[in-house]
Amino acid sequence: MMAARQSADEIFREFKEHSISEFFRRNSQMLGYSGKVRSLTTIVHEYLSNSLDACEEAGILPEVKIAVKELAESKYSVTVSDNGPGIPGKHVGKALATVLAGTKFHRYLQQRGQQGIGASGCTLFSKITTGKSIHVKSGTSREHYECDVTLDIKSNKSLIENMKKMDSDATGTEVSGEFGDVKYEKSDHGVYEYVKRTALSNPHVTIRLTEPDGNEAVFLRATNELPKRAREIKPHPLGITTNDLVDFAHRSESRKITSFLQESFARVTPMKIDELRGIVKDVDLDSDPRSIKWEDAEKLVKAFKEIKWMAPELDSLSEIGEKQIEIAIKNILNPVFVSVIERKPRVFRGGIPFVVEAGIAYGGSAGKPREISKAEAATAPIDGQRSSSEGNILRFANKVPLLFDASNCAITEAAKGIDWKRYSIANFDEEPISVLVNVSSVYVPYSGVGKQAISQEEEIIDEIKLAVQDCARALQRYLGGVRSKEVQESRYKTIMRYVSQLSGDLSDITGAKREEIEKSLKALVEQRYSQPSDEEEEADQKQEEGGSKPGEGEKGEEAEEE
Ligand SMILES: Nc1ncnc2c1ncn2[C@@H]1O[C@H](COP(=O)(O)OP(=O)(O)OP(=O)(O)O)[C@@H](O)[C@H]1O
Ligand SMILES: [Mg+2]
């Protein structure tokens, strides 16, 4: 029998609008809440990233305390406190309990956060797994308070309760909450590893982590110098879409499109405006930007592409630094060989600056397969299918370690796309080799809201490949030296075994003294096999130093894989 047909009116009786937080309540895996171990790491990652961003923006050396306590099976409390500038009381609800609200979304400034989802995602996750609020203590230079914040999921509005003044004179923020469906585990994906890698890529930070068993792990800062301050820049005309332009225009306070373009975007000068006028004759550039039409914005974006612009400002980026990457690699992997490179900044999508740093480690625990615990594998459907090569790629974006979603990431794609055989690595997955890459940008194009993988933009992949290949060439030179030395040594040993036998035989035949023959034969062999060649000496020296700089006296900066 045919089912009764339904009219549009009947179907549309179910028509409902829902809020962004309602959406993430159902799809919390998109925020990184899938798998118990991963979920706990996500919480610490969001709070710690916020603390570091806040301190750096305020010019404060970060001191962050993290405490994780087990309350019951799969239920933990997490407290994160910092010495940052604090959150003004009137903003605390929006900052910590409204999804898509924050101070970073519309800015072209290299920061760890960029969406306004992280902290509110934690508040949401606490609410849906325990029904509880997040307790906040915060102090700014003007006020000190504590309160409970949570959110009304249906309306995506924050709810603040028990607001109290606090007696204190220190600035900073402490958030603490209870979370269900989580688990503390000391694996490669756990909180400890995340914190350790964060400390290594941020040498100016001190982090004290109290683990559920009471152990306190202290990661002391290695330098008192704050990293180079990332500078806020304006978007470059070549990097924006029609939609961006309309969005910027509608929020503009300028009276004319001409002044709006000059104020909102980099490199737009009165001369460039004249050029634009010549190209888009039918768009009134003296009209109000807030009433710009899509068609006109489209024409402008098209015209931008015809103009020769000065390149975007590239000094807006803040890197980890070659020295620190080398320290990080040695600390994590204890290898016998390290090679590190920092490339020059580049742009992607025509106007967004980014810079790649890379390092290669060989030997030690480099390339060892990551330990994936049973619990983790069973509870992490998204990250379930890993290939072994993903284990030896240490990924970072804006100095934040990326521990999940490796197979989706531009870094993995680039490293796997290299023809490793050309660099004396017969099998990348099986040799003791690890690759570390950090991508810094004012806007990192993550492939998901969980921010664990960088989307596969061609320009970024190419740049990562060039960086890794540069390190690979240094590795190849090192391995060449080591391998030829091994061959020499084995020949030396074999020949030496025959020397005494041969000396006896020669002495019998010639009547010369056996000891003398043996002595001169040995001298001959020593001379031939135990004197390292110049190349070997160089390799030895590098090995002693534990590293080498790639590209020296070699191919230039733009060298591609031939
Ligand atoms: N520890 C803190 N100190 C000062 N301000 C903070 C702190 N934590 C959060 N904030 C403020 O709350 C806002 C929202 O944080 P949230 O983590 O939700 O988003 P975000 O960091 O802007 O972006 P993302 O979603 O990428 O993390 C931040 O933009 C910041 O203004
Ligand atoms: Mg954040």
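What you see is a predicted model, and the numbers here were worked out from it, not measured in a lab. Each ligand, and each atom within it, is numbered from 1 in the order the structure gives.
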Among [options], closest by any non-hydrogen atom to [atom]:
| atom | options | result |
| --- | --- | --- |
| atom 4 (C) of ligand 1 | G172, A54, G121, P85 | A54 |
| atom 8 (N) of ligand 1 | L48, V92, N50, T171 | N50 |
| atom 29 (O) of ligand 1 | T123, D53, T103 | T103 |
| atom 25 (O) of ligand 1 | T173, V444, I117 | I117 |
| atom 1 (N) of ligand 1 | T140, V99, D82, L96 | D82 |

Do other residues, nucleotides or ligands put more than 12 heavy atoms under 6.0 Å from the NZ atom of K323?
no
Ionic contact status for [Y] with [X], cut-off 4.0 Å:
| X | Y | result |
| --- | --- | --- |
| E463 | R343 | yes |
| R290 | E253 | no |
| K16 | E22 | no |
| D53 | K104 | yes |
| R38 | D405 | yes |

Less than 6.0 angstrom separating the ring centers of F348 and F354, yes or no?
yes
When you measure from the centre of the six-membered ring of F265, is the NZ or CZ of K234 closer than 6.0 Å and no more than 45° off the axis?
no
Report yes or no: does S120 have a heavy atom closer than 4.0 Å to ligand 1?
yes
S49: heavy atom below 4.0 Å from ligand 1, yes or no?
no
Within ligand 1, which atoms have a heavy atom of [X] less than 4.0 Å away?
| X | answer |
| --- | --- |
| Q114 | 23 (O), 24 (P), 26 (O) |
| A101 | 14 (C) |
| G86 | 4 (C) |
| K451 | 24 (P), 26 (O), 27 (O) |
| G113 | 21 (O), 23 (O), 24 (P), 26 (O), 27 (O) |
| E46 | 27 (O) |

Residue that, paired with D315, satisfies salt bridge (Lys or Arg N to Asp or Glu O under 4.0 Å) out of K228, R229, R231:
R231
Check this for me - ligand 1, G102, N or O atoms closer than 3.5 angstrom, yes or no?
no
Would you sort out whether E143 and K165 count as a salt bridge (charged side-chain N to carboxylate O under 4.0 Å, His left out), showing the intermediate values?
CA-CA 8 Å; E143 56 181 337; K165 272 198 165 46; over 6 Å; no
So, the side chain of D152 versus the backbone of S155: is there a donor-acceptor pair under 3.5 Å, distance only?
yes
Closer than 2.8 Å to the Mg ion (ligand 2), which protein N, O or S atoms?
N50 OD1
Given K399, which partner from the list S49, S440, S318 fulfils the side chain to side chain donor-acceptor pair (under 3.5 Å) test?
S318
